[in-house]
Amino acid sequence: MQDRLQAMQIFMRVAELQSFTQASVSLGLSKTHVSNVVAQFETFLGARLLQRTTRTVRLTQDGQSCYERCKSLLAEFQELESLFQLQAEQVSGRLRVDMSTGIARNLVLPKLAEFIEQYPHIELELSSTDRKVDVIAEGFDCVIRVGSVQQEGLIAKKLGHFKMLNCVSPAYIAKYGKPESLEDLTQHNHKLVHYVSQLGGTDSGFEYQDPHTHQANLTIQLPKLITVNNADAYSSACLAGLGIIQVPNIGVAKYLHTGELVEILPNYPAPPMPVSLLYPHRRHLSKRLQVFMAWLNQQVTPFLVPH
């Protein structure tokens, strides 16, 4: 039984890192041992799980199915192990989580030491990226996602909405003036910093809600000086005076406090951005995942607005 569990863990690590060498280093095992265990596991199952070349390791179709099943089985086994763990110091195991760079920098990392002190035996792997990861294929236990949620095979727990703000820098105001109305945006040739998840995407324009009719998703097309594809570059471009940005409140709170950014057109914000916790469907969530998601919810909630 223990050999099969170890084989599943080793196979999953190789699949996640797409490398026998990196998997052996992360597990503290020899590359030969890791390779032999995976080969024996494939023989035991009677299926080829990994496609190997001199440079890459990729899951086969059977391997993808096996990976998802192994992840579920290991989660169930770890839940069984922790079924009677009542003390915080007894909750243990690895968690792989993903969130945007803004949430990681502004909400999670500043408070993470408190969580680690309370649960010292939980090993966290924190991915911080602006792309939408594949939760199941990349082996994530949970992700916190800002924006629309469209991914099959996942449970989505909606936490609330982030308030959106329109911001510019004092340098921008000095050059282009401060827009006081929607008409100012077009009449005085104001600029946007354009954000896309992938370069080459379509311009979205200045989005806003009508404060009288509450109609959302209204857009004014404005010229741009620069297009970026990550949150850090988005705020940095605004700080440099390159245009207007529309951003969740948590992403610019410190800049507004210091005066490095200024809010404009407060009556015409973009629609609030939904915030959700996503995790793979399981009948029983591990204790470590339960306590982390509860803690994560506590960190995010103060910044949410009703919608």
Side-chain angles (χ1 to χ4, degrees), residues 100-103 105-106 129-132 145-150 158-276 303-307:
S100 69
T101 54
I103 291 177
R105 184 193 311 108
N106 298 305
T129 175
D130 289 335
R131 73 180 178 88
K132 290 186 177 181
R145 186 160 291 170
V146 180
S148 60
V149 174
Q150 295 177 341
K158 184 170 287 187
L159 303 181
H161 292 77
F162 281 145
K163 180 181 179 181
M164 298 294 288
L165 303 177
N166 307 313
C167 296
V168 295
S169 69
Y172 178 91
I173 293 176
K175 185 171 184 178
Y176 297 100
K178 183 179 181 180
E180 302 290 352
S181 67
L182 295 179
E183 291 74 19
D184 283 350
L185 291 176
T186 54
Q187 290 176 4
H188 295 90
N189 199 30
H190 283 282
K191 319 291 184 184
L192 283 182
V193 177
H194 182 50
Y195 177 91
V196 292
S197 57
Q198 190 169 16
L199 293 179
T202 305
D203 290 7
S204 56
F206 181 91
E207 300 177 25
Y208 69 98
Q209 297 183 106
D210 189 298
H212 306 294
T213 65
H214 302 290
Q215 183 181 355
N217 303 319
L218 301 173
T219 303
I220 297 175
Q221 295 301 323
L222 294 178
K224 61 182 183 296
L225 296 175
I226 185 173
T227 298
V228 299
N229 66 350
N230 70 72
D232 285 339
Y234 192 54
S235 57
S236 295
C238 186
L239 288 165
L242 298 178
I244 302 167
I245 61 172
Q246 299 186 282
V247 65
N249 51 342
I250 63 160
V252 292
K254 63 179 180 181
Y255 299 127
L256 292 172
H257 179 72
T258 61
E260 293 174 87
L261 291 181
V262 177
E263 184 182 4
I264 60 169
L265 300 174
N267 294 328
Y268 296 94
M273 193 77 75
V275 185
S276 306
F303 294 88
L304 301 177
V305 296
H307 183 59

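The structure displayed is predicted, hence computed values, not measured ones.
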Worksheet item: Closest heavy-atom contact between Pro269 and Asn166?
Response: CA-ND2, 3.9 Å
Discussion item. Does any part of the side chain of Lys163, heavy atoms only, come nearer than 4.5 Å to the side chain of Pro248, both counted from C-beta?
Written reply: no
Worksheet item: Nearest 0.5 Å, what's the OH-CG distance between Tyr255 and Leu239?
Response: 5.5 Å
Worksheet entry | Value rounded to 0.5 Å, distance of CZ in Phe206 from CG in Leu192 | 7.5 Å
Worksheet item: Heavy atoms, side chains only, cut-off 4.5 Å: are Val275 and Leu304 in contact?
Response: yes
Item to complete: Considering non-hydrogen atoms only, spot the tightest contact between Val305 and Pro272 and give its length.
Response: CG2-CB, 4.5 Å
Worksheet item: So, do Val262 and Tyr172 sit near enough that their side-chain heavy atoms are less than 4.5 Å apart?
Response: no
Worksheet item: Can you tell if the side chain of Tyr268 reaches within under 4.5 Å of the side chain of Ile220, non-hydrogen atoms only?
Response: no
Practice prompt. Over all heavy atoms of both residues, which pair between Ile264 and Pro179 is shortest? Give the atoms and the distance, please.
Written response: CD1-CG, 3.6 Å
Discussion item. Rounded at 0.5 Å granularity, tell me how far CG in Asn249 sits from SG in Cys167.
Written reply: 10.0 Å
Discussion item. Looking at every non-hydrogen atom in both residues, tell me the closest pair between Lys191 and Tyr176 and how far apart they are.
Written reply: CE-CE2, 3.8 Å
Discussion item. So, taking the atom named CG in Leu165 and the one named CG in Leu265, what distance separates them when rounded to the nearest 0.5 Å?
Written reply: 11.5 Å
Practice prompt. Output the distance between atom NZ (Lys175) and atom CG (Leu242), rounded to the nearest 0.5 Å.
Written response: 8.5 Å
Worksheet item: Could you go step by step and tell me if Val247 and Ser235 meet the side-chain contact (heavy atoms from CB on, under 4.5 Å) rule?
Response: CA-CA 8 Å; Val247 65; Ser235 57; over 6 Å; no
Practice prompt. Locate the shortest heavy-atom distance separating His190 from Leu222; write the atom from each residue and the value.
Written response: O-CB, 4.0 Å
Discussion item. Nearest 0.5 angstrom please: Leu182 CG to Gln187 CD, how far?
Written reply: 10.5 Å
Discussion item. Give me the atom names and distance for the closest heavy-atom approach of Pro170 to Glu260.
Written reply: CD-O, 3.2 Å
Fill in: Flag, side chain of Tyr234 to backbone of Val196, donor-acceptor distance under 3.5 Å
no
